[in-house]
**Student:** 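Encoded as structure tokens, here's the structure I'll be asking about.
These numbers come from the heavy atoms of this one structure, side chains and all, not from hydrogens, waters or symmetry mates. Numbering starts at 1 and runs along the sequence shown. Order of appearance sets the numbers: ligands from 1, and atoms from 1 within every ligand. Here the structure is a predicted model, which is why all the values come from computation and not from measurement.
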Amino acid sequence: MSRIVPNIDTIEQHLQCLTSDPERYRPERCYHCGYGKLWGHGYYLRQPDRGFDGDGSLNPVPIPRFICTHPDCGRTCSRLPQCISPRRWYLWAVQQKVLLGLLCGLSLNHLSNLLLPARSTLKRWWQWLSQRSKQFQFCLVTTFPELLCYSQWSDYWREGMTRYSLSRLMLTLDRQEIAVP
Ligand SMILES: [Zn+2]
């Protein structure tokens, strides 16, 4: 089960979808106990509109929460649109821009002058991708076999993010219950 709702690629789409199709966010069953039905349980707020394009005007962004109706469980969970990174302040699209820039040979200094995240943050993202690459590539093989021909990790991710998107690749990992940031 994925905690990410696919194919919601921008904050604007997410805000629209919350009004027009809120059922899309409701998980089929509880993540914790595995069988409880879920009821809507309000929203919590996040501030993901930041970075190179985001001017903060869309913040705060509501994220739907759910509560398990099973009497022995009663735990809550939330569901994110595909564009929002579960554990980072910046959207996947911002992270993708940085990582693609680095993969294409731009320097950290150059990118941190252009973009809002601090140089140390950009460096952390880069280290994360390079260190986790082997495991991630292994888990992405079935869904993206055409990327197998890129044996260098940097070629793999440059091609992967160009053909698909970082959020799509991360969604695929999340579906396999691999923790993504
Ligand atoms: Zn439950």
**Student:** Could you tell me whether the side chains of Ser167 and Gln96 share a donor-acceptor contact shorter than 3.5 Å?
**Tutor:**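 No, no side-chain donor-acceptor contact under 3.5 Å.
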**Student:** Check the angle between the aromatic planes of Phe144 and Tyr164 and answer parallel, tilted or perpendicular using the 30° and 60° thresholds.
**Tutor:**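 Tilted, since the angle between the ring planes falls between 30° and 60°.
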**Student:** Does the Glu159 side chain pair with the main chain of Leu147, one donor and one acceptor, at a distance under 3.5 Å?
**Tutor:**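 Checking the backbone N and O of Leu147 against the side chain of Glu159, no donor-acceptor pair under 3.5 Å is found.
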**Student:** Taking 2.8 Å as the upper limit, name the protein N, O or S atoms near the Zn ion (ligand 1).
**Tutor:**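 Listed by chain and number, the nearby protein N, O or S atoms are Cys30 SG, Cys33 SG, Cys68 SG, Cys73 SG.
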**Student:** Phe66 ring centre to Arg79 NZ or CZ under 6.0 Å, with the angle to the axis within 45°?
**Tutor:**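 Relative to the ring axis of Phe66, which defines the angle, Arg79 lies outside at least one limit.
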**Student:** Among Trp157, Trp153, Tyr156, exactly one meets side-chain hydrogen bond (donor to acceptor under 3.5 Å, both in side chains) together with Ser133. Which residue is that?
**Tutor:**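 Output: one option passes, namely Trp157.
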**Student:** Could you check whether Gln127 and Arg124, counting side-chain N and O atoms only, form a donor-acceptor pair closer than 3.5 Å?
**Tutor:**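 Checked: Arg124/Gln127 side chains show no N/O donor-acceptor pair below 3.5 Å.
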